[in-house]
Amino acid sequence: MRQAVQRRRTFAIISHPDAGKTTLTEKLLLFGGAINLAGSVKAKKSVKHTTSDWMEIERQRGISVTSSVMNFEFDGFSMNLLDTPGHHDFSEDTYRVLTAVDSALMVIDSVKGVETQTRKLMDVCRMRNTPIITFINKLDREGRTPLELIDEIEQHLGIECSPLSWPIGMGKSFQGVYDLQEGLIRFFHSEGNKNVRPQDTVTVYGLDDPALDTHLGEAAADLRKEIELLEGAGYPFDHKRYLAGKQTPVYFGSAINNFGVRELLEGFATLAPAPKARAATTREVSPFEENFSGIVFKVQANMDPAHRDRIAFVRICSGQFNRGMRLQNQRLGKQFKASNAIFFMAKNRTGAEEAWPGDIIGLPNHGSIRVGDTLYGDEPLVFPGIPHFAPEFFRRIVLRDPFKAKQLEKGLAQLTEEGAIQYFRPVVGRDYILGAIGVLQFEIIAARLAGEYNVRVTYDQLPYHTVRWFSGDAKTMKRLVEQNQQAIVKDADDSMAMLFNSDWQLTKVTEDWSDINFFDTRECVLS
């Protein structure tokens, strides 16, 4: 058990869109031996596509819209890599994934520096003290100076930076990186460079070594000056501070050119933490315990459209999983046999005969397992911490073919189980209303309804700003519904909720109806 746990590395890759996250994911899989050829991430005419972007709409648009799980072996370690959507409209999926990992790999664009979505994701990591390793990407382009980038990360993200490699030049003058721990110069070779150096690395014995001038020319003086500034004002690497989420080791490279990726992967395997203890509502659960426990952090519908399946993604927190073992769903109080558990390589899957803490397994089901469910073997446990957000945008569904109403209802029921979007039925009328935290979600749902359920829809925009679930005395609730019929809806589980078109209206209603309890998540009503 201890040996199996210690060799697990479960991590997510986070970044702002277009920082190179999906490219880096592909290259990590390539260097990890999980794939033989990295796909094209930007050539829309190409038949190739990235391994992690498995949905048809992801291939068409060249963006990640759902999290993917990829398991591969590297240098004696079992790596569980979770690729997350970078676009802010899909941040809820990303936030949930971050609750299931032990560390994160943050990608920064050297041209643009720290961007908005990176700040938001960093805030989520900080809430959990998640250890973060940083990869500053696109050094083959003209960008910000490395010292400026380091300062920006420290100032805007509130974390110490400790570079473990340092770039030599940038853009057209980019020669490679200096490995600060090993004293190595790692040379960069671009495909268009006719004067390719005969060696990939050269060992130099400190910055005063004359070999530095021989191999780097005029760039040697700039490197010495920058390292001197770094040593005077920077932070020496402290593994304990990294594990506490207070310091981030920094690597530089170019994912599109495969440069710096192997060193990053080697450093990550060595530095990143193995699975840690996880807090349940009653106590802290050690990964080395014999009793099995796990938490469902994601549900995905139709990964195999031919079977209309729904896969629950389970992060194992303790104990050994074996195929066919009986598990208890804490929310339902029901036991079931886990006979068809799977491991993932994005859309591809293999049977999971056994799995250990830190591993991500998929459990096929027909809607009985939901996001946030705790699964256990013997001892009843509840793992909190899976965030749910109240929608901020609302659309009324317009069904093009009225005879497809049953297919629409089935599709909405299954797709909303994933948790990225919610649907409501008004108490007056027969409309369907969708709610999401990002407008791009509506486009994704329309495309998936058409592609996976053969149902074509359009939308009418609605003026609502937010939704609140409510509970209270039956008579008082009846009066609230009667006086606000046009704004009262029921969600997919028939829980009552009310739509509001402004913060002012929300405040006034909650004040006027002080005997009613209003909640920003359905889970609060159920509890």
Side-chain angles (χ1 to χ4, degrees), residues 13-16 18-21 24 103-123 125-126 129-171 173-186 188 207 212 216 219-255 259-261 263-264 266-268 271-272:
I13 301 187
I14 60 174
S15 78
H16 193 84
D18 299 325
K21 173 179 58 62
L24 179 60
S103 61
L105 178 55
M106 179 170 64
V107 185
I108 300 289
D109 186 328
S110 67
V111 180
K112 299 176 181 177
V114 175
E115 299 175 86
T116 307
Q117 186 66 2
T118 312
R119 293 190 185 97
K120 293 180 179 178
L121 295 171
M122 185 67 189
D123 289 339
C125 291
R126 187 176 288 108
N129 296 321
T130 304
I132 294 173
I133 288 180
T134 300
F135 182 72
I136 297 181
N137 193 23
K138 304 183 182 180
L139 266 294
D140 55 311
R141 300 184 185 181
E142 297 293 339
R144 317 270 280 276
T145 67
L147 286 169
E148 183 183 354
L149 289 165
I150 292 296
D151 182 64
E152 187 174 39
I153 292 171
E154 291 183 344
Q155 295 296 322
H156 289 265
L157 300 183
I159 190 169
E160 297 174 1
C161 288
S162 180
L164 300 185
S165 67
W166 196 256
I168 304 166
M170 187 171 286
S173 63
F174 182 52
Q175 296 192 52
V177 296
Y178 177 64
D179 187 320
L180 291 161
Q181 289 186 310
E182 302 293 331
L184 292 174
I185 300 174
R186 302 184 188 276
F188 171 69
L207 294 173
L212 207 64
L216 300 181
D222 293 332
L223 177 64
R224 289 189 179 100
K225 186 184 299 182
E226 290 176 353
I227 297 297
E228 185 178 345
L229 285 170
L230 188 67
E231 289 177 345
Y235 296 94
F237 177 62
D238 185 326
H239 194 236
K240 289 183 179 179
R241 292 187 67 76
Y242 156 65
L243 293 177
K246 297 179 179 179
Q247 186 182 95
T248 177
V250 181
Y251 291 85
F252 290 83
S254 169
F259 185 75
V261 178
E263 292 73 31
L264 172 68
E266 290 172 350
F268 192 92
L271 301 176

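Excluded from the calculations below are hydrogen atoms, water molecules and symmetry mates; all remaining heavy atoms, backbone and side chain alike, are included.
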Between the main-chain N or O of V107 and the side-chain N or O of S15, is there a donor-acceptor pair closer than 3.5 Å?
no
Run the salt bridge (Lys or Arg N to Asp or Glu O under 4.0 Å) test against R224 and tell me which residues pass, sequence neighbours left out.
D213
So do the side chains of V177 and F259 get within less than 4.5 Å of each other, counting heavy atoms only?
yes
Within a strict 4.5 Å, meaning less than it, do heavy atoms of the I133 and L264 side chains meet?
yes
Do you know the tightest heavy-atom contact between I14 and A104?
CD1-CB, 4.4 Å
Interatomic distance, L164 atom CG to Q181 atom CD [nearest 0.5 angstrom]
4.5 Å
So CG of L230 and CH2 of W166: to nearest 0.5 Å the spacing works out to 5.0 Å
Listed partners of D140 passing side chain to side chain donor-acceptor pair (under 3.5 Å), at least two apart
S254, N257
Smallest heavy-atom separation, L216 atom then Q175 atom, equals O-NE2, 3.4 Å
Any side-chain heavy-atom pair from I153 and I108 closer than 4.5 angstrom?
yes
Among all residues two or more places apart in sequence or in another chain, which pass the side-chain contact (heavy atoms from CB on, under 4.5 Å) test with D109?
A19, V111, K112, E115, K138
Any F252 side-chain heavy atom under 4.5 Å of I168 side chain:
no
Between P163 and L180, is any pair of side-chain heavy atoms under 4.5 Å apart?
yes
Can you tell me if T248 uses its side chain to pair, donor with acceptor, with the backbone of T134 under 3.5 Å?
yes
In short, V114 meets E152 closest at the heavy-atom pair N-OE1, 3.3 Å
Check the pair V250 / L149 against side chain to side chain contact (heavy atoms under 4.5 Å, CB included), numbers first and verdict last.
CA-CA 11 Å; V250 181; L149 289 165; over 6 Å; no
For the OG1 atom of T145 and the CE atom of M170, what is their distance to the nearest 0.5 Å?
7.0 Å
For E160, give me all partners under side chain to side chain donor-acceptor pair (under 3.5 Å), at least two apart in sequence or on another chain.
R241, Q247
Show the nearest heavy-atom pair for residues Y251 and G267, with the distance to one decimal.
OH-CA, 3.4 Å
Roughly how far apart are I227 CD1 and D222 CG, rounded to 0.5 Å?
11.5 Å
F188 side chain reached by P167 side chain, heavy atoms, under 4.5 Å
no
Side chain to side chain contact (heavy atoms under 4.5 Å, CB included), that's the test. Do I132 and M122 meet it? Break it down for me.
CA-CA 9 Å; I132 294 173; M122 185 67 189; 3.3 Å; yes
Here the gap from L105 atom CG to K21 atom NZ, rounded to the nearest 0.5 Å, amounts to 11.0 Å
With a 6.0 Å cut-off (strictly less than), is the heavy-atom count around CD of E142, excluding the residue itself, greater than 12?
yes
Mind checking side-chain contact (heavy atoms from CB on, under 4.5 Å) for E266 and listing every partner two or more places apart, or none if nothing turns up?
F74, R262
Side-chain touch E226/P146, heavy atoms, less than 4.5 angstrom
yes
Return the set of residues passing side-chain contact (heavy atoms from CB on, under 4.5 Å) with E154 (not counting sequence neighbours), or none when no residue passes.
I150, C161, Y235
Where E182 and D179 come nearest, the two heavy atoms and their spacing
N-OD1, 2.9 Å
With rounding to the nearest 0.5 Å, note down the distance linking CG in L271 to CG in L243.
8.5 Å
